[in-house]
2 protein chains.
Amino acid sequence: MARPGARLAAMPRAGTESWSERAQRVLAESHRHSGGARRAVVELLDSQSCALSALEIEDALRTGRRRVARASIYRILDELERLELVQKVEVGQAMARYEPLRGENGHHHHLVCDSCGAVMPFTDPELERAIKKTSRRVPIDVAVHEIVLHGACADCRQ
Amino acid sequence: MARPGARLAAMPRAGTESWSERAQRVLAESHRHSGGARRAVVELLDSQSCALSALEIEDALRTGRRRVARASIYRILDELERLELVQKVEVGQAMARYEPLRGENGHHHHLVCDSCGAVMPFTDPELERAIKKTSRRVPIDVAVHEIVLHGACADCRQ
DNA sequence: GGCAAGAATAGGACTAAGTCTCATTTCTGG
DNA sequence: CCAGAAATGAGACTTAGTCCTATTCTTGCC
């Protein structure tokens, strides 16, 4: 299975508070205790530029900073999602992916190669404007939007 | 896996062919035999206005036209997807949904209420134009696109 | 620092969506 | 109608994700 985000460089810091710092702060404000598993997951997510699946996270942590149980990973991701610190991304591979919500300047969408499974981020200001406009005239209170373009990547097209 | 350019799409006919008829024709052109399970799935899909999951299809067929084995349903859906007759839609509920691709005038996207799970279709010509433009400047050959707006529906917002 | 209360986590059984394999049935051209 | 090929059914299997419980860790307080 493709592990697209796993080798990309860390995102540059925007402003004064990194996503990881903000996440730790928001978590602290909504909890009495803070634990090592949560910190490890947050730090791993912050070091990635695109979405990771829960099992990729488990794997990366097992061979890296600190082993974290699968149940804990899912619990932590659910909580981060509820606090709107991460977004759950479904790109059509029977596996949810999660990535930090960094606000405007980290916001992006996804290209998926249906043949090799690669996932790549992309951005488009014009598309953002159009989708924001659409969101206003639609019968739900839109909290997040998600755009996925499916097709064949350069390697698979040949 | 799906290779979008690899197969000829049938020419759309001039006016009056239903999706089910077109699907049957395209299937016939790419097969030597045609069977009852495939017909039942195609007819069920054509009678729906929005996306169904594989298990909903199994259920509907069991209590309706003709029992179809789960493996057959998945096989048939995969094939319909490869032929670009249906689109697989992931709306973030750990379950894929499938719906007929009826061309321009059936094309739509999805609103999902994250609290009650309701899925609703919506359309927006301006958004379509924006996304078509984006698709041209992106490093994959875009075959289909998918937009999901998540939020709270009128009932859940109260 | 030590302690108690309760939160966080690990571990593993469990559920459910989806896949695979292979035997059986059905379709088709001749 | 027959033979060969395609379609389908049945159920074991895989894997993402959930649930429960015992254990460990964090925190406020002394």
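Chain letters run A, B, ... following the sequence lines, proteins first, then strands; residues in each count from 1.
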Closest approach of A/Arg97 to A/Ala51 (non-hydrogen atoms, all atoms of both residues): NH1-O, 3.0 Å

With axes from five pairs an end, tell me the bend angle of the helix from C/dG1-D/dC30 to C/dG30-D/dC1, nearest 10°. 30°

Output all residues satisfying side chain to side chain contact (heavy atoms under 4.5 Å, CB included) with A/Val42, sequence neighbours left out; order by chain, then residue number. A/Trp19, A/Ser20, A/Ala23, A/Gln24, A/Leu27, A/Leu80

Scan for ring pair (Phe, Tyr, Trp, His ring centres under 6.0 Å) pairs involving residues 22-80 of chain B, sequence neighbours excluded, and state none if there are none. none

Roughly how many Å is it from CZ in A/Arg39 to P in D/dC25, rounded to a whole number? 13 Å

Show, in sequence, the C-alpha distance, side-chain angles and deciding distance for B/Ile57 and B/Leu77, and conclude whether the side-chain contact (heavy atoms from CB on, under 4.5 Å) test is met. CA-CA 10 Å; B/Ile57 292 171; B/Leu77 289 172; 4.0 Å; yes

Range on DNA chain C touched by chain A, heavy atoms, distance below 4.0 Å: C/dG6 to C/dG12

Let me confirm one number: the CG-OG distance from B/Leu149 to A/Ser135, rounded to the nearest 0.5 Å. 5.0 Å

Partners passing side chain to side chain contact (heavy atoms under 4.5 Å, CB included) against B/Ala60 (at least two apart in sequence or in another chain): B/Leu44

Does D/dT27 have its OP1 or OP2 closer than 4.0 Å to a side-chain nitrogen or oxygen of A/Ser34? yes

Along DNA chain D (nearest heavy atom to each residue), the more 5'-positioned of B/Ala37 and A/Arg66: B/Ala37

Can you tell if the side chain of B/His150 reaches within under 4.5 Å of the side chain of A/Gln87, non-hydrogen atoms only? no

Under a side-chain separation threshold of 4.5 Å, the hydrophobic residues clustered together with A/Leu101 are none

If a pair satisfies salt bridge (Lys or Arg N to Asp or Glu O under 4.0 Å) and one of its residues is in residues 37-53 of chain B, list it, with sequence neighbours excluded. B/Arg38-B/Glu79, B/Glu43-B/Arg65, B/Asp46-B/Arg102

Under the side chain to side chain contact (heavy atoms under 4.5 Å, CB included) test, which residues partner A/Arg75, sequence neighbours left out? A/Ser72

Between atom NE2 in B/His33 and atom C1' in D/dA6, what is the gap in whole Å? 5 Å

d(CZ, A/Arg67; P, D/dT24) in whole Å: 16 Å

Dump the intermediate steps for side-chain contact (heavy atoms from CB on, under 4.5 Å) on A/Glu99 and A/Gln48, then the final yes or no. CA-CA 8 Å; A/Glu99 66 185 3; A/Gln48 302 295 314; over 6 Å; no

Results of side chain to side chain contact (heavy atoms under 4.5 Å, CB included) for A/Val26 - residues two or more places apart only: A/Arg22, A/Leu83, A/Leu85

Identify each donor-acceptor pair in which a side-chain atom of residues 120-128 of chain A lies under 3.5 Å from a protein atom, sequence neighbours left out, and give them as a table.
unit_1: A/Asp124; atom_1: OD1; unit_2: A/Glu126; atom_2: N; d: 2.9
unit_1: A/Asp124; atom_1: OD1; unit_2: A/Leu127; atom_2: N; d: 3.2
unit_1: A/Asp124; atom_1: OD2; unit_2: B/Thr134; atom_2: OG1; d: 2.7
unit_1: A/Asp124; atom_1: OD2; unit_2: B/Arg137; atom_2: NH2; d: 3.4
unit_1: A/Glu126; atom_1: OE1; unit_2: B/Lys133; atom_2: NZ; d: 3.4
unit_1: A/Glu126; atom_1: OE2; unit_2: B/Lys133; atom_2: NZ; d: 3.2
unit_1: A/Glu128; atom_1: OE1; unit_2: A/His107; atom_2: NE2; d: 3.1
unit_1: A/Glu128; atom_1: OE1; unit_2: A/His145; atom_2: NE2; d: 3.0
unit_1: A/Glu128; atom_1: OE2; unit_2: A/His107; atom_2: NE2; d: 3.3
unit_1: A/Glu128; atom_1: OE2; unit_2: A/His109; atom_2: NE2; d: 2.9

Check each residue of residues 23-32 of chain A for a non-hydrogen atom within less than 4.0 Å of any atom in DNA chain C, then write out the ones that pass by number, or none. A/His31, A/Arg32

Tabulate atom names and distances for all N/O pairs under 3.5 angstrom spanning the protein and nucleotides 17-21 of chain D.
unit_1: D/dG17; atom_1: OP1; unit_2: A/Ala96; atom_2: N; d: 3.0
unit_1: D/dG17; atom_1: OP2; unit_2: A/Tyr74; atom_2: OH; d: 2.9
unit_1: D/dG17; atom_1: O5'; unit_2: A/Tyr74; atom_2: OH; d: 3.4

How long is the line joining CZ of A/Arg38 and C1' of D/dT24, in whole Å? 15 Å

